[in-house]
Amino acid sequence: MFLKVQLPWNVVIPAESLDIKGLMLQKSIVVRLLDEFASRKATKDLGYLLALTTLESIGEGRVREHTGDVLFPVAFSGITFKLFRGEIAEGVVHKVLKHGVFLSCGPVENIYLSKLKMPDYDYVPGENPVFMNSKMSKIEKGSTVRFIVIGTKWLESEREFQALVGLHADYLGPVS
């Protein structure tokens with residue numbers, strides 16, 4: 001779920017942002033790194049980029065020939081979020097359909113729980129549709145559900161993950 005990772009990154013500082021004082025240069029590198037980190041969103045291997053925790057090192061800058069910009073290799077530690085097959089997690093239902101429900105868990109918003117993967121739950125249509133079992137346990141919009149991850153899929157164009165989940169193990173289902 002949460003991973004602590006060390007990442008190499010290349011930060012480009014425009015020539016006009018360069019200053020004689022080294023402290024301003026370090027500040028420019030950190031600000032640029034934070035901007036680029038925030039805009040990246042996610043990677044296939046690491047999952048969603050959540051936080052930059054420690055700046056490990058700033059390498060020696062190399063001037064780009066045609067632009068005069070300076071490229072600095074940077075190493076830092078960060079925290080990422082990624083769902084793995086077989087993992088137990090909790091999510092909040094945000095859409096109920098007759099064939100299943102969509103949940104969100106952390107930054108992952110496209111988690112699908114099919115009706116076929118909810119043993120003993122039946123769809124109850126209405127203004128606020130729900131899935132209910134014989135013990136009156138409900139899965140409805142806004143409820144928290146504990147599930148097991150069956151599989152994940154990376155969408156390169158949207159830079160996000162989708163997940164397929166189920167309730168086919170002990171102690172899974174709505175959390176009160």
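The chain is numbered in sequence order, starting from 1.
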What distance separates Leu7 CG from Leu33 CG, expressed to the nearest 0.5 Å? 9.5 Å
Is any side-chain heavy atom of Ile139 less than 4.5 Å from a side-chain heavy atom of Val96? no
Should Ile88 and Ile111 be counted in the same cluster of Ile, Leu, Val, Met, Phe, Trp and Tyr side chains packed under 4.5 Å apart? yes
Considering only heavy atoms from C-beta outward, does the side chain of Met132 approach that of Tyr123 to under 4.5 Å? no
Any donor-acceptor N/O pair, Arg62 side chain to Leu71 backbone, under 3.5 Å: no
Strictly by side chain to side chain donor-acceptor pair (under 3.5 Å), give each pair with a member in residues 107-120 just once, sequence neighbours left out. His99-Tyr112, Asn110-Glu160
Please determine whether the number of non-hydrogen atoms from other residues, nucleotides or ligands lying under 6.0 Å from atom NZ of Lys41 exceeds 12. yes
Rounding to 0.5 Å, atoms CD (Glu56) and OG (Ser77) come to a distance of 3.5 Å
Report the distance from atom OG of Ser137 to atom CE of Met118, rounding to the nearest 0.5 Å. 11.0 Å
Knowing that exactly one of Thr43, Asp45, Leu3 qualifies, which makes a side-chain contact (heavy atoms from CB on, under 4.5 Å) with Thr80? Leu3
Are side-chain heavy atoms of Val165 and Ile150 found at a separation under 4.5 Å? no
Atom CD of Glu156 with >12 non-hydrogen neighbours under 6.0 angstrom: yes
Which salt bridge (Lys or Arg N to Asp or Glu O under 4.0 Å) pairs, counting each pair once, include a residue from residues 74-101, with sequence neighbours left out? Glu90-Arg146
Please round to the nearest 0.5 Å and tell me the distance separating atom CG of Leu113 and atom CG of Leu172. 10.0 Å
